[in-house]
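Proteins get letters first, then strands, A, B, ... in listed order; numbering begins at 1 in each.
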Amino acid sequence: MEYDHREIEARWKSFWKENKTYQVSNDSEKPKYYVLDMFPYPSGAGLHVGHPLGYVASDIFSRYKRLKGFNVLHPMGFDAFGLPAEQYAIQTRIHPAVSTAQNIKKYHEQLDNIGFCYDWSREVWTSDPAYYKWTQWIFLKLFDHYYDKAADKAMPIDGLTERFAFSGNAGVQAATTQETIFSAETWKSWTPKQQDEMLMNYRLAYRKVSYVNWCEALGTVLANDDIKDGVSERGGHPVVQRPMLQWSLRTTAYAERLLKDLDTIDWTDALKTQQRNWIGKSEGAQLFFEISGSPVKLEIYTTRPDTIFGATFMVLAPEHPLVQQIVTPGQKKTIEDYLSYVGRRSERERASDVKEVTGAFTGAYCINPFNQQKVPIWIAEYVLKDYGTGAIMAVPSDDERDQAFAEKFGLPIIGVVDKSKYPGATLHDKTGVIYNSDFLDGMEVAEAIEMMLKNIEAMGIGSRRINYKLRDSNFSRQRYWGEPFPIKYDQDGVSHAVERLPVELPFMEDITPSPDGKSPLSRDASWVKMDHGFTRETDTMPAVAGSSWYFLRYMDPHNPDAFASQKALNYWKDVDLYVGGTEHAVSHLLYSRLWHKVLFDLGLVPTNEPFKKLINQGMIQGRSLFLQVGNRKIHVKIQLADDKDRLYRDKYLEMIQSDFRFEGIDANTEICWQKDEKGAEYAQLTMEVEKMSKSKYNVVNPDEVIEMYGADCFRMFEMFLGPIEMAKPWDTRSINGVHNFIRKLWALFYDVHTGASLWTNGEPDKDEYKALHAAIKKTTEDIERFSLNTCVSTFMICVNELKRLNCNKKKILQEFVVLMAPFAPFTAEELWRNLGNTTTVFDAKYPVADESYLKKDVVEYPLCINGKKRGEAMFSVDMSPTDIEAEVRNMAVVRKWTEGQQIRKVIIVSGKMVNLVVN
RNA sequence: GCCUCUGUGGCGGAAUUGGUAGACGCGCUGGAUUCAAAAUCCAGUGAUAGCAAUAUCGUGAGGGUUCGAUUCCCUCCGGGGGUACCA
């Protein structure tokens with residue numbers, strides 16, 4: 001007889017389904033606990049072994065919390081809108097709605113095979129109209145509100161229009177890019193279209209001109225990801241930056257709160273730091289420079305106004321609107337050439353090629369207000385249009401990028417900060433003494449910055465300004481497979497909310513992008529045209545829209561009248577534990593926090609932050625094999641052990657002929673053959689660890705592993721692989737260790753030959769209890785601190801110990817089942833029955849370690865002299881440090897004792913070591 | 001480039017607060033069992049020297065703090081993830 005996982009798992013899966021074991025009620029006396037997984041995007045490839053890593057961990061934690069007496073919400077759903085489904089549809093002519101549904105069905109089966117305790121009655125899909133109705137509804141809240149800086153929260157836009165009609169925008173404190181002041185009369189004199197455009201400067205969801213990566217040949221907008229070396233990855237066509245009118249979210253309005261509230265949540269410091277850097281708060285000055293021979297002024301942003309005397313040139317972002325106005329006729333050609341070069345470069349390329357300095361001179365000059373010097377104005381791609389004012393004053397003596405630029409173009413460098421007082425300080429540090437700077441000479445940097453800020457304000461040429469790297473997020477996609485915007489335009493082009501939600505995505509046969517760059521939806525004239533001359537917005541929302549609030553829908557997933565009832569929201573409140581990958585660390589989490597804060601401002605959710613605690617699981621990587629073909633390496637799939645890095649010609653040909661699993665190349669591919677010592681031809685295979693992906697042929701499917709070893713084994717092995725938060729490569733070869741463990745566990749309770757039960761009902765003895773309580777103590781600690789790999793080790797040690805003691809007492813079993821439950825729904829039916837009424841499985845209490853079994857009487861202390869181990873000594877545990885010291889002095893056990901050595905100090909370390917410091 | 005994490009035996013990893021580095025598992029070696037193999041069980045397994053007791057070295061590289069550093073600090077090198085339209 002052997003442990004038969006197939007039979008056991010099938011039985012329990014149907015049992016759970018029939019008994020709705022995992023269904024969670026919103027009405028409970030118990031305290032709530034909400035454990036959330038980042039829901040998957042259902043791709044055609046199905047789940048690979050990397051996906052369930054976080055799911056297994058959160059499942060263990062959910063079960064643990066249930067055993068601790070909490071009412072645990074642990075739901076799952078699908079992030080079903082997105083680009084891959086759309087691209088798959090374009091290739092295969094299968095509609096994304098169809099392929100997505102198929103994929104979800106597959107994901108469902110795969111997830112159920114692993115035995116998660118999800119409450120599937122709460123499942124949501126972001127592509128379901130009943131769901132995205134509320135995505136659109138929340139979008140309209142963003143559209144209908146602006147950020148009031150005085151109240152420090154979102155406020156209705158209606159209040160703002162009333163105020164405009166009453167007193168114009170003077171004194172309105174709002175998050176806006178609008179800086180000119182208009183009166184009530186002006187406001188009233190405007191056409192509805194003009195008023196609408198003005199309001200776009202205030203709304204939290206608004207339309208503005210943004211730049212996109214435009215590929216003329218493909219007739220579509222591309223992601224940065226789709227661009228390699230300035231051309232499209234697919235086809236190698238040129239890509240240019242093209243302005244388009246698009247929806248954006250005023251993320252910047254919430255920058256300060258998004259930053260400040262990080263202090264209130266329990267996330268890792270690494271993740272918080274990443275979010276802080278993304279928000280990128282900096283304090284400095286906004287400063288206006290006169291431009292010679294021009295009425296317009298140049299506005300720059302700097303964090304170092306103290307270095308203005310070292311500013312030898314100005315740099316504008318190439319897209320800066322002033323460029324066309326100030327360029328001199330003599331420089332027009334140079335600038336245009338440069339602009340067309342920049343237009344071909346993606347944002348990421350511009351940011352990463354720092355070594356190569358490029359730029360062009362506009363021919364214009366501005367005046368330094370403090371010394372009346374003429375300063376040349378350049379444009380360069382290292383200045384970004386979206387950060388600060390898109391213009392900087394360059395101080396080559398104190399900024400590395402400015403320095404490189406000055407050296408390349410022969411611009412003067414004037415030193416203004418003396419750092420000799422601060423050895424080791426980098427250029428970036430705000431330390432040093434100012435020189436060459438008129439009235440600032442001799443001041444410390446901090447003092448000089450303050451002085452300059454005061455001067456700038458007094459002279460009326462600028463002001464203090466807090467700046468954020470965070471930009472307003474582009475929220476439009478010219479795609480089909482996403483939520484349509486609930487927005488319509490009248491004949492004058494004025495935007496209005498659509499009253500009846502949801503605005504359903506119309507079915508379209510052909511969803512290829514339109515050659516004019518518009519969304520495919522624009523081709524469905526019957527959908528675009530509405531009554532009374534209204535037309536619909538044809539862009540769709542990005543995939544982050546649906547995932548920005550899905551955790552709220554799980555609380556009350558079928559509610560037709562609200563995104564969730566107030567009762568459900570007040571019971572579940574927020575997510576207690578959120579588990580997900582680092583790849584979402586910035587964008588998804590920032591969007592979710594933003595949406596949540598808006599909903600909080602409107603009184604629609606009870607908490608300010610959505611995710612109290614967050615654990616980032618690391619990626620499980622695949623091992624990719626590469627074969628040299630021509631002068632490049634290509635991914636291949638081949639059944640070989642990892643340590644085989646050569647592939648012999650005969651073998652290769654045999655593989656091709658026998659249709660062996662050798663994907664990625666065909667028989668005609670020109671492989672680079674080399675000769676070994678004996679003259680046999682071989683090809684070199686190289687292995688690299690990288691993200692699992694279908695195209696890299698390195699995906700491991702969990703179904704195969706589960707079929708062979710069982711779900712419990714799979715789950716434990718995933719945990720055993722390594723720390724949850726770390727990236728690690730998958731290696732199926734060592735799974736038999738965990739498999740052996742489970743079989744050993746089974747064999748504790750059943751006769752391997754006959755299958756008969758071995759249980760006895762006697763009271764366990766002291767040693768048996770000791771093994772058990774040691775395991776309970778350690779596993780509790782391990783689960784609480786999310787160290788699940790060591791938790792598995794602890795189980796193994798405990799089972800080995802019980803096996804050594806030949807223990808099969810029923811009492812131990814009962815507690816052990818409960819202990820075991822976090823890892824697996826226990827697989828032997830008799831053990832389940834042992835818990836009594838099966839429907840109350842989760843009312844069982846997690847056992848608490850009894851310290852009385854764990855006490856030690858005597859401790860063996862290693863004796864160290866100056867940190868080097870020199871022998872051992874036994875002391876009783878209740879001896880005080882003073883007693884131990886006295887004992888050590890009297891001891892003759894210390895070997896290697898040199899004549900004349902004197903004990904200077906006795907250090908007792910953590911009660912397990914004595915260290916003598918001698919001289 | 002920038003941000004962030006990470007580096008420990010042949011391999012995955014452990015060491016929870018600065019205190020006996022290498023738990024647990026894989027793999028490997030030897031033995032038991034077997035006609036034989038699989039499976040199972042027992043023993044060994046960082047490196048070097050030694051029959052052995054033991055000694056020296058050893059946590060990416062180099063430096064520092066400390067009686068004591070895988071752990072804290074500085075510099076450098078390698079790998080992973082993110083970088084705003086992949087999700």
Side-chain angles (χ1 to χ4, degrees), chain A residues 38-41 43 79 81-84 87 212-213 221-226 246 251 268-271 273-278 280 347-355 382 386 401 424 470-479 542-544 547 581-588 590-591 616 618-619 621 642-643 688-691 717 720-723 725-731 733-738 740-741 747 752 778 781-782 785 787 789-790 792-797 800 860-869 872 904-905 907-910 912-919:
Chain A
M38 285 183 187
F39 62 168
Y41 174 80
S43 81
D79 190 9
F81 272 137
L83 199 52
Q87 259 152 8
V212 292
N213 302 309
V221 176
L222 296 176
N224 280 337
D225 233 36
D226 299 328
Q246 308 204 65
T251 323
T268 59
D269 288 336
L271 191 55
T273 311
Q274 222 168 319
Q275 290 236 336
R276 283 194 191 104
N277 288 332
W278 186 258
E347 203 173 318
R348 198 174 306 169
E349 285 173 322
R350 283 177 59 177
S352 50
D353 291 356
V354 167
K355 285 178 197 121
Y382 79 92
D386 292 309
R401 292 163 306 176
L470 186 73
R471 314 198 292 245
D472 282 355
S473 351
N474 181 350
F475 210 63
S476 273
R477 302 289 183 267
Q478 291 71 43
R479 307 281 181 187
V544 280
S547 60
T582 41
E583 62 271 28
H584 302 280
V586 177
S587 37
H588 160 63
L590 212 59
Y591 272 101
N616 267 133
M619 199 168 271
Q621 295 145 317
D642 289 342
D643 50 352
E688 269 173 41
V689 168
E690 45 178 9
K691 200 169 168 172
F717 183 58
F720 190 63
L721 267 180
E725 69 278 6
M726 218 110 81
K728 58 228 157 211
W730 177 264
D731 184 3
R733 284 179 305 178
S734 50
I735 197 170
N736 54 356
V738 176
N740 282 345
F741 162 76
V752 181
K778 184 93 187 351
E781 286 167 5
D782 285 345
R785 69 189 174 99
S787 175
N789 55 332
T790 55
V792 179
S793 292
T794 307
F795 272 124
M796 290 181 175
I797 294 167
N800 276 335
E860 191 170 288
Y861 284 78
L863 274 176
C864 299
I865 299 172
N866 289 348
K868 302 252 174 182
K869 192 181 164 195
E872 276 112 31
R904 189 157 56 88
K905 205 158 59 165
I907 304 166
I908 292 128
V909 183
S910 322
K912 34 177 204 176
M913 194 171 107
V914 178
N915 187 7
L916 310 181
V917 180
V918 300
N919 49 14

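The separation between A/L271 atom CG and B/rU83 atom P is 14 Å, rounded to whole Å. The interatomic distance linking A/D782 (CG) with B/rC24 (C1') rounds to 12 Å, in whole Å. We find that CE of A/M726 is positioned 6 Å from P of B/rG13, with the value rounded to whole Å.
To the nearest whole angstrom, the two C1' atoms, one in B/rC28 and one in B/rG19, are 33 Å apart. B/rG68 and B/rG58 are spaced 15 Å apart, taking the P atom of each and rounding to whole Å. Here the separation of B/rG30 from B/rC76, taken at their C1' atoms, is 45 Å to the nearest Å. Taking atom P on both nucleotides, B/rU65 is separated from B/rU71 by 15 Å, rounded to a whole Å. With P as the reference atom, B/rU83 and B/rG62 are 36 Å apart, rounded to whole Å. One C1' atom belongs to B/rU70, the other to B/rG22, and the distance between them is 11 Å to the nearest Å. For the C1' atom pair drawn from B/rG63 and B/rU54, the interatomic distance equals 32 Å after rounding to whole Å. Distance noted for atom C1' between B/rA15 and B/rC2: 34 Å (whole Å).
In B/rG46 the base sits anti relative to the sugar, since the glycosidic angle is further than 90° from 0.
The phosphate of B/rG25 has neither OP1 nor OP2 within less than 4.0 Å of any side-chain N or O from A/N740. In this structure, A/N277 does not reach the B/rU83 phosphate: none of its side-chain N or O atoms is under 4.0 Å from OP1 or OP2.
Counting all heavy atoms, side chain and backbone alike, A/M796 lies closest to A/G737 at CE-O, 4.4 Å. Smallest separation of non-hydrogen atoms from A/D731 and A/F717: O-CZ, 3.3 Å.
The residue A/T790 sits close only to the backbone: its heavy atoms come under 4.0 Å of sugar-phosphate atoms, none of a base. Residue-level contact check: A/N616 touches neither bases nor backbone, having no heavy atom under 4.0 Å from any strand. Nucleic acid contact class of A/Q87 (heavy atoms, under 4.0 Å, all strands): none. Across all strands shown, A/E725 has no heavy atoms under 4.0 Å from either base or sugar-phosphate atoms.
For A/R785, counting side-chain heavy atoms from C-beta on, the closest listed nucleotide (B/rA15, B/rG13, B/rA84) is B/rA15.
Side chain of A/D79 to main chain of A/P40: no donor-acceptor pair is present (N/O by atom type, distance under 3.5 Å, no hydrogens or angles).
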task: Treat a base pair as Watson-Crick or G-U wobble with both distances under 3.5 Å, then lay out RNA chain B in dot-bracket form, 5' to 3', with | for cross-strand pairs.
output: (((((((..(((......[....)))((((((.......))))))((((....))))..(((((..]....))))))))))))....
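Between A/E781 and A/T790, the closest side-chain pair of non-hydrogen atoms is not below 4.5 Å.
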